[in-house]
There are 2 protein chains.
Amino acid sequence: MNEPATRDPELTRARILQAAFELFVEKGFAAVTMRELAENSGVTKSLIHHHFGTKEGLWDAVKELAFARYYEGQKEELEQAGTPSPDLLRNGVIRYFRFLADNPQVVRLFTWAHLEGDSSCSHMDAELVGLGAERVREAQQAGLLRDDLNPTHVVTTFINACTQWFATCEHHADWPGMGSDEEYLADFLKLFMRGLQPD
Amino acid sequence: MNEPATRDPELTRARILQAAFELFVEKGFAAVTMRELAENSGVTKSLIHHHFGTKEGLWDAVKELAFARYYEGQKEELEQAGTPSPDLLRNGVIRYFRFLADNPQVVRLFTWAHLEGDSSCSHMDAELVGLGAERVREAQQAGLLRDDLNPTHVVTTFINACTQWFATCEHHADWPGMGSDEEYLADFLKLFMRGLQPD
DNA sequence: TCGCTAATTGACCGGTCGACCAGTTAGCGA
DNA sequence: TCGCTAACTGGTCGACCGGTCAATTAGCGA
């Protein structure tokens, strides 16, 4: 809206990245044109090339930024450890679910990136899941969770249940009998935590 | 490979649909060109337009075919009812998981279609989930499953856990501690069925 | 056997794509 | 204050996009 009074390459880059983020989230890489990008950024097409080289370069920059934010946020969550307890896992699920609820665009971006063959998020997720699985393992060894389940599978199960929920949220919004985000989360937690109780 | 000796519009349509299915599954709608489609079908670009009108027309035909097959298969599964029992649900999960394992392309196609705003599968899924939820409700009323969970949420939970598993399978294949398809399924079933046991 | 219909072809269209480049201008350090 | 660097612009390029069309040809019913 308001034009910058002076040249500000940092702001320009940020504007382009923000507009690109929104467009790529909405339509994916292939369906977005440099002209759209320029128009939504309020800059010329040439300027985007100046700052990011190619369309792929901009796409990579958008993904890198989004991935980095996601990674930092999740790692922080995981490292501020409490003593192992069932509630620790329960709260972890809740926080993950709420994060996705607050950032549905991130789910879409990840889905596009993954479909298009991007593997950079794979290593990132591997580390995060590893950290989560380690917490589950500790709780298992402390006798707080049943120990006949692969900890990685436990983490993956709740990640899948949460991620797919938001990946298809417009989709299932009007299905008969379907509750709100919070109601789904509550039921999932009931099921999940009961399923993890030790014998 | 082997050219048809005579003209066969049915076969031609089938060839085009098959090639289009593979390409759209792989790259999504926007990234596929009519020239690729023609080359992979072994026909000319004009012939595709003759049979399907536009690129969107072909895309719709591919989706319709895939959705119809999926819908028929799943509905058959759901309607060949047995007496309600926990094993009925367990076997339902197993069959759904195995179906996705045998048809990973379908998961990708649905994901592309959904990201691109297609809502035709939404109504279809609504009906299937409704049927599944009805079965869960019957089992709850028979006292075979805990009755403090929304049946739709129960069905959605396992669908999400299965779908997302295959949507990200190349992704998590090399994560530390991650087991095979069957090992994940076994652990998920342990967790899921225990979580559903009545008090 | 003979037309009629539809399957099939290749050439071609206007438009848009991503990218480039020469030229201009603003800001900043010397 | 002055020049150098980089931010920024408008115009343009060849390639390729989806789509069209007239011409050809195979098959099938009369």
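Sequence lines set the chain letters: A, B, ... in the order given, protein chains first and strands last, and positions in each chain run from 1.
Applying the 4.0 Å criterion to OP1 and OP2 of dT8(C), one finds that Thr12(B) has a side-chain N or O inside that range. His50(A) has a side-chain polar atom (N or O) that falls below the 4.0 Å cut-off from OP1 or OP2 of dA7(D). Checking the phosphate oxygens (OP1, OP2) of dA19(C), a side-chain nitrogen or oxygen of His49(A) falls inside 4.0 Å. Contact check, Arg35(A) against dC17(C): a side-chain N or O comes under 4.0 Å of OP1 or OP2.
A 3.5 Å limit on both hydrogen-bonding distances identifies dT1(D) as the Watson-Crick or G-U partner of dA30(C). Remark: dT25(D) base-pairs with dA6(C). Criterion, Watson-Crick or G-U wobble with two distances under 3.5 Å.
Computed from coordinates, the Phe52(A) CZ to dG18(C) P distance equals 16 Å when rounded to whole Å. For the pair Glu10(B) CD and dA7(C) P, the interatomic distance rounds to 9 Å; values are reported in whole Å. Leu47(B) places its CG atom 15 Å from the P atom of dT20(D), with the value rounded to the nearest Å. Rounded to an integer number of Å, the gap from Lys45(A) NZ to dA7(D) P is 19 Å. Separating the CD atom of Glu36(B) from the P atom of dC17(D) is a distance of 8 Å, rounded to the nearest angstrom. To the nearest angstrom, P of dA19(C) lies 11 Å from CG of Leu37(A). Taking atom CD1 of Ile48(B) as the reference point, atom P of dG18(D) lies 10 Å away to the nearest angstrom. The CG-C1' distance, from Asp8(A) to dT25(C), rounds to 16 Å in whole Å.
Aromatic ring centres of Tyr71(A) and Phe67(A): separated by at least 6.0 Å. For Trp59(A) and Phe24(A), the ring centers are positioned less than 6.0 Å apart.
Place Arg13(A) and Met34(B) on DNA chain D by their nearest nucleotides, and Arg13(A) ends up nearer the 5' end.
Between Trp175(B) and His172(B), the ring planes are perpendicular. Angles over 60° get that label, and only those under 30° would be called parallel. The aromatic rings of Phe166(A) and Phe97(A) lie tilted to each other, with the angle between the two planes from 30° to 60°.
Of the candidate nucleotides dG27(D), dG18(D), dC8(D), dG18(D) has the atom lying nearest to any side-chain atom of Lys55(B). Proximity note for Ser46(A) (side chain, C-beta onward) versus dA7(D), dA19(C), dG11(D): the nearest is dG11(D). Listed candidates were dT12(D), dA7(D), dG10(D). Nearest to the side chain of Thr44(A) is dG10(D). The side chain of Pro9(A) approaches dA7(D) more closely than any other nucleotide in the set dG18(D), dC17(C), dA7(D). Each of dC17(C), dA19(C), dA26(D) was ranked by its minimum atom distance to the side chain of Glu56(A); first place goes to dA19(C).
A donor-acceptor pair under 3.5 Å is formed between the side chain of Ser180(A) and the backbone N or O of Glu183(A). Remark: side-chain polar atoms of Arg146(B) are not paired, donor with acceptor, to backbone N or O of Gln197(B) under 3.5 angstrom.
Judged by distance alone, with hydrogens and angles left aside, Arg7(A) brings a side-chain donor or acceptor within reach of the base of dT25(C), the pair sitting under 3.5 Å.
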